[in-house]
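Below is one structure, written out as structure tokens; the observations come after it.
In what follows, residues are counted from 1 in the order of the sequence shown.
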Amino acid sequence: PYKDFCMTKATKLTIGVVLCGNEKYLPYFLDSILHQDYQNFELLLRDQSPEHQTSTYLEKELSQAVRHPNVRLIKGDNRMHSGGHNALINQMTGDVYICASYDMHYPSDFLKKTVKALLAKENQKYGVFCPKIKRWDFEWIDMDGLEKTLSNHIDSCGVGILRSHYCFDIGQTQLDQGQYDKAREVFGPSGALAIFRKSALRKVAFKNKENEDIEYFDELIHYKNDIDLAYRLRWAGERCLFLPNITVHHDRQVSNHQGNMSVILRVIKNRKGKSKWVKENSFWGHLVMMRKNASGVKFSWKTKKAIHIYWLKIFIFMLFLEPFLWKVYFRYRKNLKEINAKKAAITRKVKPHNIEKWFASHL
């Protein structure tokens with residue numbers, strides 16, 4: 001199937017991973033990445049853990065992997081997910097940036113299939129790609145071994161978005177029975193693993209006035225930053241293709257429940273067990289994402305109605321169940337000047353109706 005693969009060896013991939021602890025995954029993650037069939041890649045590891053203990057672990061326990069010619073271990077301050085990946089994108093030398101996670105296992109043909117998909121003639125109109133991500137039941141790995149923990153349940157087949165702007169991972173928790181085996185365009189990629197052409201990222205880049213860095217992910221937000229980036233790429237005219245023949249496994253530590261229930265009940269169920277910090281940052285990210293991408297946009301009355309109803313439910317929910325979120329809302333109001341400046345920097349090459357066609361009516 002890879003008859004013409006010799007023609008693709010000039011395509012260099014940059015795999016960017018932000019490390020912040022959880023060293024238990026690293027032996028499996030590094031082994032799966034470094035034993036790829038396609039070797040024209042650089043693996044940039046940015047250690048943002050406290051006192052860089054992850055670097056110490058790697059240099060002591062996995063020194064051979066760290067010394068691999070394709071690996072660069074970089075120590076940096078904790079700029080969270082957005083800032084960490086921005087720093088790595090600014091240092092990349094590849095043609096494609098793979099925003100990857102360390103809590104994932106990658107089959108040996110992952111990079112080979114990725115390059116083949118990116119070079120396919122019919123895929124040249126796409127600047128963003130996402131694979132089929134399945135669940136990795138890592139907690140049982142010591143008992144069952146690697147292969148038995150690679151589940152056949154779906155973690156994500158890309159990101160979907162409702163008219164209300166409730167976002168969800170397509171197919172999450174479903175048993176993979178081939179229902180998502182056709183390549184198709186989706187709103188955006190999952191933040192767990194997203195593949196970007198460098199040319200696509202350049203269209204949404206903007207300069208941080210404080211430190212002069214070039215931002216791609218918005219460093220104001222740590223949750224919903226993947227949704228915000230997907231939205232801005234949409235505004236820039238970029239399209240995202242779901243690639244079902246490329247499969248990886250992910251041990252998702254914060255998941256969304258897919259069930260036969262209303263959106264608001266799903267939100268309540270999803271929030272059980274989440275920390276206060278996660279809830280606050282998720283709400284903050286949603287506020288900023290909405291302000292930048294949806295506020296003031298000439299959407300249809302159906303979309304505006306869905307958004308208003310959803311927000312009414314959110315505020316009622318906050319009033320009775322999580323009143324601590326009001327301080328997040330007031331912080332958002334105080335930071336509107338900075339948020340509006342980033343909103344003004346968004347290049348909008350497509351009309352609102354081109355965005356609306358990706359709004360699903362139901363899950």
Side-chain angles (χ1 to χ4, degrees), residues 12-36 39-106 110-111 136 138 191-196 198 201-202 205-223 225-226 228-229 248 250-254 275 277-278 281 285:
K12 184 176 182 180
L13 307 174
T14 296
I15 306 168
V17 182
V18 175
L19 304 175
C20 53
N22 277 326
E23 290 84 3
K24 61 184 180 181
Y25 297 103
L26 297 183
Y28 304 94
F29 156 70
L30 286 170
D31 182 69
S32 66
I33 282 292
L34 297 180
H35 288 88
Q36 289 291 307
Q39 284 289 308
N40 189 12
F41 72 90
E42 62 177 352
L43 174 60
L44 306 183
L45 303 173
R46 179 179 169 86
D47 179 15
Q48 300 184 165
S49 61
E51 300 181 359
H52 303 306
Q53 81 266 12
T54 302
S55 293
T56 302
Y57 168 82
L58 287 170
E59 291 161 355
K60 181 179 180 181
E61 303 294 336
L62 300 170
S63 58
Q64 188 173 355
V66 174
R67 291 196 300 267
H68 192 284
N70 293 16
V71 175
R72 268 201 289 159
L73 178 59
I74 304 161
K75 299 177 183 179
D77 56 331
N78 187 3
R79 293 172 58 182
M80 308 299 287
H81 182 275
S82 293
H85 279 290
N86 287 339
L88 294 177
I89 294 169
N90 284 316
Q91 296 176 70
M92 68 180 286
T93 62
D95 308 295
V96 175
Y97 186 73
I98 301 177
C99 180
S101 300
Y102 58 83
D103 52 357
M104 301 188 82
H105 185 272
Y106 303 82
F110 166 65
L111 295 182
W136 184 14
F138 186 84
L193 181 59
I195 303 166
F196 304 98
K198 186 188 290 185
L201 287 173
R202 285 173 176 166
F206 59 95
K207 184 173 289 188
N208 185 312
K209 295 181 179 179
E210 292 185 5
N211 55 26
E212 296 298 309
D213 281 355
I214 301 299
E215 288 191 28
Y216 304 89
F217 287 97
D218 188 344
E219 295 188 34
L220 272 178
I221 53 181
H222 311 305
Y223 277 76
N225 56 343
D226 54 337
D228 174 72
L229 179 57
V248 298
H250 178 221
D251 184 27
R252 184 178 291 266
Q253 298 165 61
V254 179
S275 69
W277 187 91
V278 168
N281 279 276

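Within the structure, salt bridge (Lys or Arg N to Asp or Glu O under 4.0 Å) pairs that include any residue of residues 21-33 do not occur (at least two apart or interchain). Counting only residues at least two apart or in different chains, salt bridge (Lys or Arg N to Asp or Glu O under 4.0 Å) contacts with residues 63-76 comprise Glu42-Arg72.
By the ring-ring contact (aromatic ring centres under 6.0 Å, His included) test, His81 pairs with His85, Phe217, sequence neighbours left out. Taking Gln48 as the reference, Arg46, Asn78 meet the side chain to side chain donor-acceptor pair (under 3.5 Å) condition, with sequence neighbours excluded. Among residues two or more places apart in sequence or in another chain, the ring-ring contact (aromatic ring centres under 6.0 Å, His included) test is passed with Phe110 by Tyr106. Residues satisfying the ring-ring contact (aromatic ring centres under 6.0 Å, His included) criterion with Tyr28, sequence neighbours excluded, are Phe138. Not a single side chain to side chain donor-acceptor pair (under 3.5 Å) links Asp95 to another residue, sequence neighbours left out. Residues satisfying the side-chain contact (heavy atoms from CB on, under 4.5 Å) test with Ala65, not counting sequence neighbours, are Leu30, Leu34, Leu62. The salt bridge (Lys or Arg N to Asp or Glu O under 4.0 Å) check on Asp218 picks up Lys292, Lys342, with sequence neighbours excluded. Under the side chain to side chain donor-acceptor pair (under 3.5 Å) criterion, Asn86 pairs with Glu219, sequence neighbours left out. For Glu59, there are no side chain to side chain donor-acceptor pair (under 3.5 Å) partners at least two apart in sequence or on another chain.
The two atoms that bring Tyr25 and Tyr102 nearest to each other are CB-O, 3.4 Å, heavy atoms only. Nearest approach of Asp47 to Ser55, heavy atoms of both residues: OD2-OG, 2.6 Å. Closest of all the heavy-atom pairs between Leu88 and Val18 is CD1-CG2, 4.3 Å. Nearest heavy-atom pair, Ala205 versus Ile214, reported as atom, atom and distance to 0.1 Å: CB-CG2, 3.6 Å. In terms of heavy atoms, Gly94 sits closest to Thr14 at N-OG1, 3.0 Å.
Asp251 places no side-chain N or O within 3.5 Å of a backbone atom of Met104 that could act as its donor or acceptor partner. A donor-acceptor pair under 3.5 Å is formed between the side chain of Ser101 and the backbone N or O of Ala192. With hydrogens and angles ignored, the 3.5 Å screen pairs no side-chain donor or acceptor of Ser63 with any backbone N or O of Lys60. Counting only distance, with no hydrogens or angles, the side chain of Ser49 and the backbone of Thr54 share a donor-acceptor pair below 3.5 Å.
The closest side-chain heavy-atom distance from His250 to Leu193 is not below 4.5 Å. Annotation: side chain of Leu43 is in contact with side chain of Ile33 (closest heavy-atom distance under 4.5 Å). Trp136 is not listed as a side-chain neighbour of Val248, based on a closest heavy-atom distance of 4.5 Å or more. Using a 4.5 Å heavy-atom cutoff, the side chains of Leu45 and Ile74 are not in contact.
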* Asked: Going through the distances and angles, do Val17 and Phe29 end up as a side chain to side chain contact (heavy atoms under 4.5 Å, CB included)?
  -> CA-CA 11 Å; Val17 182; Phe29 156 70; 3.6 Å; yes
* To do: Step by step, work out the side chain to side chain contact (heavy atoms under 4.5 Å, CB included) result for Ile98 and Phe196.
  => CA-CA 6 Å; Ile98 301 177; Phe196 304 98; over 6 Å; no
* Should Asp103 and Asn22 be marked as a side chain to side chain contact (heavy atoms under 4.5 Å, CB included) after you check the CA-CA gap, both sets of side-chain angles, and the distance that decides it? -> CA-CA 8 Å; Asp103 52 357; Asn22 277 326; over 6 Å; no
* To do: In sequence, state the C-alpha distance, the side-chain angles, and the governing distance for Leu26 and Tyr57, and then conclude on side chain to side chain contact (heavy atoms under 4.5 Å, CB included).
  => CA-CA 10 Å; Leu26 297 183; Tyr57 168 82; 4.1 Å; yes
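The distance from the CG atom of Leu19 to the CG atom of Leu73 is 7.5 Å, given to the nearest 0.5 Å. Note: Asn281 CG to Asn225 CG = 10.5 Å, rounded to the nearest 0.5 Å. Rounded to the nearest 0.5 Å, atoms CD1 (Ile89) and NZ (Lys198) are 11.0 Å apart.
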